[in-house]
Every structure is written in structure tokens, then in C-alpha cells.
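Notes for the one structure printed next.
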Amino acid sequence: MKYLLLIMSAIVAIVSFSSVTIAEEKEPELAELMAEYQLRPHHRKLKFECVMCHEGDDPEEYEPLETENCLTCHGSRQKVADRLKFMDENHTNPHNSFHDGLDLDCYECHAEHEEPANLCQECHTTDNWMNEVP
Amino acid sequence: MNKKVFIFVLIVIGGLLGMGSSLIISEVVHVTGNAEFCGSCHSMEPMAKTFKLDTHGGNNRHGFVAECADCHLPHDSVLGYMIDKTAHGINDVFVETFTDVDEIDWIARRENRDEFVYSSGCLSCHQGLLDKTEAENPKSLQTHAHYKKQLEKGDPIQCVSCHVTVGHAGQLRTELNKLKPEFSFSDSTESH
């Protein structure tokens, strides 16, 4: 009986120690991930953690976002386009463009964890009708 | 008149004067906080115009209309509200009267929206919002939980940090561009 109690205590101690170690390891791992996968300034300001955009518990399994994921916060393609309505007159609204209308996907220009790219600039000089892509 | 009667009369007169002045101040506070009043100043015309397009400005099926001061003044306490309203009032009258308001870069100042839209104002109307367990857009439950968490951590974000176009139907930038265009829209030549 004494040995049984000793073995059980040892198992409990090992399990507890492992849990603490895993918990301690998880925090630095998250911090490292957040340092590696930094957010753009407008989202960093909101102090978002990974799970605000990505689903699941395992960062290794996080998938890149689709436009529809972005729109769960940003509303709709039309709403995003309407914010730049003043650009419609000259057909320079990137969210409602001459070429793509409302059908352009966010990630064609916007990127959360790397520098964004301006798709329009592949053909046009945009200095006088567009800011930097946020 | 003996001393007791004198004190009584003094209290009654003081009370009436205090109550009267409070009512007058309350009336002044009430009539100087809405879009009609604020929008009567030249520099606030784009703000008042776009406010009327927004849900908060009456563009809703209930006919509800908020006031500018509901969002643009703090609602933590009556004293704080009155101090801020007085300070804003003095500042706005001075700036509108003695400076060239056309020089103000309102488009750029939108970036500082956190400083002049108060979450205490939002939450004084949307009182149960942060404790909701069901929502038309489930994402809002997650983002509002994030707001609460940040508040509890002592590292708050503001409602308007996310709701960047609230109150002006997402049209303020467009309206301001009519007065002072951000871009010349010239020289859009193809580079190749």
C-alpha cells in the first residue's frame, strides 16, 4: 500500500511538473510567433492576438485568410469600397476598380505579416491618386 | 427681521437661484450638443452632413437620432462631462472665430479619432453590448470580449479604434475630399 501511494504521488508530481513546463513553454512560443508574424500598424494598435483572425489552438495549423474572413470584421466588399467613394469619380477606387469592380481579393494588395503590394502599380503610376497600401 | 427668518429667506432665495441657473445650464447643454447646433459652424458642415447619413444620425428604421455630444464628450461623470463641454465650447468658439478653419487638415485628424470619440459615450447608450452572448455577427462577440479583456488588463483600446467610420456612415473622408482633395488624380499614365 505504501509503495502504491509512493508510485501514485510520483505520477501526480511528474504530470504536474510536465503541465507547468508545457504552460511555461507555450507563452514564450506565442511571444516568439507574434514577434515573427507581426501585424500591420492599424491592427497592431488594436492589440490583437493570433486567434482574432486564425482559428484553432495550434499555430502550426493556422491557414492564410480568405477575403471572407477579413469581411467578418470589415463588413462587406461594398462597405469597404464606399469608404473610398471619393475615388469613384476618377475610377481609381482600388476597392471598386475599373478592372475588377468589387471582385478583387484583399490579399491581392494587403498582407498582414509582410509588406503589402500595390497591384495597381504593376501597370500604373499611382503617386497622384493613391496613398501607400496600409 | 430676526436672524432665523433672514437665514430661511436666504436659503429659499439661494435655492431658487441655484435651481433656476441649473435649469438654464441644463437647457444650454441640451441645445448645444446636437448636429443642428454643431453643424451651424462652417467647419462642421461635412461632419453634420455625413452624420445624418449614419444609423446614429437618424438613418435607421426607428427614427432614433443621437447627438454629437453623445459620442464626442466623455460620459464617465457629470462633472467630467461639464468640464470637457466647457473646454471644448471655449476652444471651438475661439478657433472658429479667430483662426482660419479651412487650414485644418481634418482628413489627417481622423487618425486621432481615439482622442475625440469616447467609449464611455458609446457604452452609456449601448449598455448591454459587452455582455451579449448572441449576435447577428458572431465575430462581434469575440472582438467585444477582446475590448473587455484589454480594459481589465489596464491596457484599453477604444470602441472607435475598430469602429473607425462610426457616426458618419463611412462617408466623412469622401465629404472632406470635396472641400480639400487628397489627390490631384492627374498623371495616371501607364508605366508600361
Side-chain angles (χ1 to χ4, degrees), chain A residues 39-56 65-99 118-134, chain B residues 46 50 53-55 107-108 110-115 135-166 168-192:
Chain A
L39 304 182
R40 300 294 298 160
H42 51 282
H43 284 151
R44 196 185 314 145
K45 187 179 153 193
L46 305 177
K47 299 157 190 177
F48 282 168
E49 292 177 354
C50 313
V51 289
M52 194 57 79
C53 298
H54 296 288
E55 288 183 5
L65 299 196
E66 300 287 338
T67 294
E68 300 313 314
N69 300 126
C70 304
L71 294 178
T72 58
C73 284
H74 288 276
S76 67
R77 289 167 186 262
Q78 187 65 58
K79 187 179 177 184
V80 173
D82 283 348
R83 286 172 60 178
L84 299 178
K85 204 176 250 180
F86 67 98
M87 300 173 93
D88 283 346
E89 192 180 341
N90 291 284
H91 307 289
T92 58
N93 185 343
H95 299 148
N96 186 15
S97 78
F98 176 78
H99 303 289
N118 188 331
L119 184 66
C120 304
Q121 282 178 353
E122 288 188 12
C123 297
H124 300 280
T125 303
T126 64
D127 299 357
N128 291 321
W129 46 273
M130 197 178 280
N131 285 330
E132 293 294 313
V133 179
Chain B
T50 52
L53 303 174
D54 192 84
T55 309
I107 292 172
R110 287 164 56 257
E111 293 301 319
N112 304 330
R113 53 178 71 81
D114 290 24
E115 296 168 20
E136 197 176 318
N137 178 6
K139 191 73 182 177
S140 67
L141 300 176
Q142 188 187 8
T143 48
H144 292 158
H146 175 66
Y147 173 92
K148 273 180 84 171
K149 189 176 145 194
Q150 290 303 127
L151 196 65
E152 284 158 12
K153 277 167 67 178
D155 186 19
I157 56 172
Q158 305 303 318
C159 300
V160 79
S161 305
C162 290
H163 297 280
V164 290
T165 62
V166 71
H168 298 276
Q171 292 307 302
L172 185 54
R173 187 175 173 187
T174 288
E175 199 59 33
L176 291 168
N177 259 273
K178 290 178 186 170
L179 302 174
K180 200 183 281 187
E182 282 178 70
F183 309 113
S184 65
F185 296 105
S186 62
D187 192 26
S188 55
T189 48
E190 295 194 359
S191 58
H192 47 255

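Since we're looking at a predicted model, the values are computed, not measured. By convention in this document, chain letters (A, B, ...) are assigned in the order of the sequence lines, proteins followed by strands, and residues within each chain are numbered from 1.
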Does some side-chain heavy atom of Val166(B) sit less than 4.5 Å from a side-chain heavy atom of Cys159(B)?
no
Indicate yes or no: at least one non-hydrogen side-chain atom of Lys79(A) is less than 4.5 angstrom from one of His74(A).
no
Can you confirm whether Arg173(B) sits close enough to Leu84(A) that some side-chain heavy atom of one is under 4.5 Å from a side-chain heavy atom of the other?
yes
Who pairs with Glu68(A) by salt bridge (Lys or Arg N to Asp or Glu O under 4.0 Å), at least two apart in sequence or on another chain?
Arg77(A)
If you count heavy-atom pairs under 4.5 Å with chain B, which of Met52(A), Glu49(A), Lys85(A) comes out on top?
Met52(A)
Side chain, backbone, both or neither: which part of Gln142(B) has a non-hydrogen atom closer than 4.5 Å to chain A?
both
What part of Ser161(B) gets closer than 4.5 Å to chain A, counting heavy atoms only: side chain, backbone, both or neither?
both
Starting at CD of Glu66(A), measure out to OG1 of Thr72(A) and round the result to the nearest 0.5 Å.
12.5 Å
Who pairs with Gln78(A) by side chain to side chain contact (heavy atoms under 4.5 Å, CB included), at least two apart in sequence or on another chain?
Ser76(A), Asp82(A), Leu102(A)
Among residues at least two apart in sequence or on other chains, which ones pass ring pair (Phe, Tyr, Trp, His ring centres under 6.0 Å) with His42(A)?
none
Proximity breakdown for Asp114(B) and chain A, heavy-atom pairs closer than 4.5 Å:
side chain
Beyond-backbone contact of Leu46(A) with Thr143(B), side-chain heavy atoms, under 4.5 angstrom:
no
Of all the residues in residues 144-154 of chain B, which have a heavy atom that comes within less than 4.5 Å of a heavy atom in chain A?
His146(B), Lys149(B), Gln150(B)
Which atoms of Asp88(A) approach chain B - backbone, side chain, both or neither, heavy atom under 4.5 Å:
neither
Check whether Glu111(B) gets within reach of chain A through its side chain, its backbone, both or neither, counting any heavy atom under 4.5 Å.
backbone
Quick one: of Leu176(B), Ile157(B), Leu172(B), Val164(B), who has the most non-hydrogen atom pairs under 4.5 Å with chain A?
Ile157(B)
Can you find a pair of side-chain heavy atoms, one from Phe185(B) and one from Thr92(A), that are under 4.5 Å apart?
yes
